[in-house]
Amino acid sequence: MTQPTQCSVFRISQVLRSGEPDTTVIIRGWVRTKREQKTFTFIEVNDGSSMAGLQVVVSDAIVGYAESIKRINTGASVEIEGKLVPSPGKGQRLEMQAIALTVHGEADPETYPLQKKRHSFEFLRDIGHLRSRTNTLSAVFRVRNACAAAVHQFFQERGFLWVHTPILTASDCEGAGEMFSVTRFDLNKLPIKEGKVDFSQDFFGKPTYLTVSGQLEAEIMAMAFSDVYTFGPTFRAENSNTSRHLAEFWMVEPEMAFCDLKGDMDLAESFLKYVFKHVMETCQEDMEFLQQRIDDSVLDTADNIINSEFARVTYTEAIALLEKSNKAFEYPIAWGIDMQSEHERWLAEEYFKKPVIVTNYPTEIKAFYMRLDDGGKTVSAMDILAPKIGEIIGGSQREERLDVLESRIRAQGLDPEVYWWYLDLRRYGTVPHAGFGLGFERLVQFMTGMANIRDVIPFPRTPMNVEF
RNA sequence: UCCUCAGUAGCUCAGUGGUAGAGCGGUCGACUGUUAAUCGACUGGUCGCAAGUUCGAAUCUUGCCUGGGGAGCCA
């Protein structure tokens, strides 16, 4: 505690960690439980700074006791000045003896939806404005915060430049998915010209969308700053109804000039190790709670990521392993297929039992910008497959040769004109370069063991859901 | 978008053609350095919506809506 002799405001995590008996402090937060006794009342106050709350003992000797206690119920907001004392009860080192108590806002127990017991995540999604006050969601969001901090720390330590790629875009980046349109048109009065919507009258003069990836712009910046990364929201208008998809999600996309596929894989692996390590160091209490209440493999998973080397196989080797597995897959195995969830899960969960990096995929099933391998049958792509959640990272060495890139754009039925600036990067000072994309929510999901991706982002956007 | 399961009290669920139930919550009381406190009483319903079958529907049929799980698409 920095100011033990002065009465001042502290976060509850500070009080619990380093509070000293006989000091007087002020805490502020929301009441989790109230237990009335004959001549005093226990209340547990949580301010979001930690899993544990502070137990406050309110004696009936304090001014306005009866009225205050009546107004204090689960969910009420309070500010309490009190003296820290060693706790005679079990479960906490310190507790607070209240001296003065202010109730900022009541929470009518007849209508407040959060009870002291466990709720289903489905129900909590219906009260998205209140669910962050629960143990599990607050633990998840603290872990999410730690992950975000670790992302920046990892790249900043390595001299990467954080680039803010645009959210509004006119390019559709390899057709990575259905895009949300952005317009200033009144949709009930669309200007029509020759039977089609006349986008020349719209804000940007052409069809515009929410970005699905910052990769192409990241490549632009990598051609000036060598190592860059993006970390921001991306959007997919896919009608995906799964526990692993969101319409709005955050992506981390590093892009490195003078880098090949091996460098890309090495960076991705050390990146994941770094983030897991950081979370284990800074959110120990939250991770232990998640281990206990959500998924009892969370700590093993983290240990596994941090301490073991990821498996690495080529696509061709992976297909051979699947063929030899003698497992009855729903989708048949053959060289050239786009691996299905069941195949990826078998590799990561049953065969390797840890993350596995699969490289050099068939050219036909990958995007045009991935670098063609010698022979042309495969490209220098890599996916990292994690147990339970599948693909967590997808990356590649980019095609830096102008002629090859142009022919690949044409081969996929795309118009090179549209990519004029992307091609210019190969005309002027092209270099081998590589990068990857990571779905941030999937990382948090993997880390926390949460079954549904909607519960690792504060305000999930999914088909038919934009409340809150 | 497809397959599948579900929707009944504030929450979690039981009820499968004949008077709408339990636990938890909430309220009141008792008891108690408690910590998902405990004990007792009380409280609580448009059975997702609409139509149909039937003497009678929470229950059977059809359509729609919403949610879960799986698949596809992908990160």
Side-chain angles (χ1 to χ4, degrees), chain A residues 31-46 52-59 70 73-75 85-92 95 97 107-127 130 134-135 173-178 212-215 233-253 293 330-331 338-342 344-345 365-367 383-386 389-395 436-446 451-457 462-465 467:
Chain A
V31 174
R32 283 289 177 82
T33 70
K34 171 176 77 167
R35 295 179 291 275
E36 282 188 78
Q37 312 292 308
K38 202 170 194 81
T39 59
F40 61 95
T41 296
F42 292 109
I43 59 176
E44 189 191 326
V45 182
N46 189 290
L54 181 64
Q55 172 161 286
V56 179
V57 183
V58 186
S59 157
K70 205 170 179 182
N73 287 295
T74 301
V85 297
S87 177
K90 283 179 183 162
Q92 60 277 317
E95 63 186 24
Q97 296 278 0
D108 182 357
E110 302 254 19
T111 57
Y112 187 63
L114 287 174
Q115 304 172 2
K116 283 182 261 184
K117 62 169 191 171
R118 192 167 192 161
H119 289 103
S120 69
F121 291 118
E122 292 84 355
F123 171 66
L124 291 174
R125 274 172 227 145
D126 290 339
I127 49 166
L130 299 171
T134 63
N135 284 334
C173 188
E174 51 138 339
E178 292 288 312
V212 294
S213 166
Q215 183 199 311
T234 51
F235 307 86
R236 302 281 165 91
E238 304 282 348
N239 189 11
S240 295
N241 291 287
T242 81
S243 55
R244 302 179 308 282
H245 290 86
L246 292 164
E248 175 181 293
F249 64 100
W250 284 58
M251 270 217 284
V252 178
E253 297 175 293
R293 297 288 287 272
E330 191 187 335
Y331 293 86
D338 208 351
M339 275 192 261
Q340 302 293 313
S341 284
E342 57 174 346
E344 296 180 344
R345 291 187 66 145
I365 60 171
K366 288 292 184 183
D383 283 357
I384 301 187
L385 311 176
I389 57 166
E391 186 182 339
I392 189 169
I393 282 179
F436 64 80
L438 164 123
F440 185 64
E441 282 74 18
R442 288 197 183 164
L443 175 66
V444 180
Q445 221 187 331
F446 188 35
N452 197 308
I453 201 165
R454 292 159 204 207
D455 302 321
V456 299
I457 185 167
T462 52
M464 304 309 289
N465 181 16
E467 198 69 42

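Quick note on labels: first sequence line is chain A, next is B, and so on, each numbered from 1. Scope of the values below: all heavy atoms of this structure, side chains included, with no hydrogens, waters or symmetry mates.
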Using the P atom as the reference point in each nucleotide, state the distance between B:rC28 and B:rG18 in Å, no decimals.
39 Å
Could you please name the partner base of B:rC13, counting Watson-Crick and G-U wobble pairs only when both distances are under 3.5 Å?
B:rG21
In whole angstrom, give me the gap between the C1' atoms of B:rG21 and B:rU54.
25 Å
With both distances kept under 3.5 Å, what pairs with B:rC31, Watson-Crick or G-U wobble?
none
Between B:rU12 and B:rG52, how far apart are the two P atoms, rounded to whole Å?
32 Å
Short N/O separations, protein against nucleotides 67-71 of chain B, under 3.5 angstrom:
residue, atom, partner, partner atom, Å
B:rG68, OP1, A:R125, NH1, 2.6
B:rG68, OP1, A:R454, NH1, 3.2
B:rG68, OP2, A:R454, NH1, 3.2
B:rG69, OP1, A:N452, ND2, 3.4
B:rG69, OP2, A:N452, ND2, 3.3
B:rG70, OP2, A:S243, OG, 3.4
B:rA71, O2', A:Y331, OH, 3.3

In the strands shown, is B:rC47 matched to any nucleotide by a Watson-Crick or G-U wobble pair with both distances under 3.5 Å, and which?
none
C1'-based separation of B:rG48 from B:rC65 [nearest Å]:
7 Å
Heavy-atom check, side chain of A:V57 versus side chain of A:F42, under 4.5 Å:
yes
So which one's nearest nucleotide on RNA chain B is more toward 5', A:A247 or A:K116?
A:K116
With a 3.5 Å cut-off and heavy atoms only, can you find an N or O donor on one side and an acceptor on the other between the side chain of A:H245 and the base of B:rC74?
yes
Give me the distance, rounded to whole Å, that separates B:rC60 from B:rG68 when you measure between the P atoms they each carry.
24 Å
Is B:rC60 paired to anything, Watson-Crick or G-U wobble with both distances less than 3.5 Å, and if yes, which nucleotide?
B:rG52
With both distances under 3.5 angstrom, what nucleotide forms a Watson-Crick or G-U wobble pair with B:rC2?
B:rG70
Heavy atoms, side chains only, cut-off 4.5 Å: are A:K366 and A:D383 in contact?
yes
pair_partner(B:rA37), Watson-Crick or wobble, both distances < 3.5 Å, evaluates to none
Backbone of A:Y331 reached by a side-chain donor or acceptor of A:E342 within 3.5 Å
yes
Detail all sub-3.5 Å separations between protein N/O atoms and N/O atoms belonging to nucleotides 27-35 of chain B.
residue, atom, partner, partner atom, Å
B:rU32, O2, A:Q37, OE1, 3.0
B:rU32, O4, A:K38, N, 3.2
B:rG33, N1, A:E95, OE2, 2.6
B:rG33, N2, A:Q55, NE2, 3.2
B:rG33, N2, A:E95, OE1, 2.3
B:rG33, N2, A:E95, OE2, 3.0
B:rU34, O2', A:R35, NE, 3.2
B:rU34, O2, A:R35, NE, 2.8
B:rU34, O2, A:R35, NH2, 3.0
B:rU34, O2, A:Q55, OE1, 3.3
B:rU34, N3, A:Q55, OE1, 3.0
B:rU34, N3, A:Q55, NE2, 3.0
B:rU34, O4, A:Q55, NE2, 2.9
B:rU34, O4, A:Q92, NE2, 3.4
B:rU35, O4', A:R35, NE, 3.0
B:rU35, O4', A:R35, NH1, 3.4
B:rU35, O4', A:R35, NH2, 3.4
B:rU35, O2, A:Q55, OE1, 3.2
B:rU35, O2, A:Q92, OE1, 3.1
B:rU35, N3, A:K90, O, 2.6
B:rU35, N3, A:Q92, OE1, 3.3
B:rU35, N3, A:Q92, NE2, 3.2
B:rU35, O4, A:K90, N, 2.4
B:rU35, O4, A:K90, O, 2.1

What pairs of residues pass the salt bridge (charged side-chain N to carboxylate O under 4.0 Å, His left out) test when at least one of them lies in residues 31-46 of chain A, not counting sequence neighbours?
A:K34-A:E36
Please report the distance separating the P of B:rG26 from the corresponding atom of B:rA36, rounded so that it comes out in whole Å.
15 Å
Please state the P separation for the pair B:rA22 and B:rA6 - nearest whole angstrom.
24 Å
Between B:rG45 and B:rG10, how far is it from one C1' atom to the other, in whole Å?
12 Å
Under-3.5 Å donor-acceptor pair between A:Q115 side chain and B:rG10 base:
yes
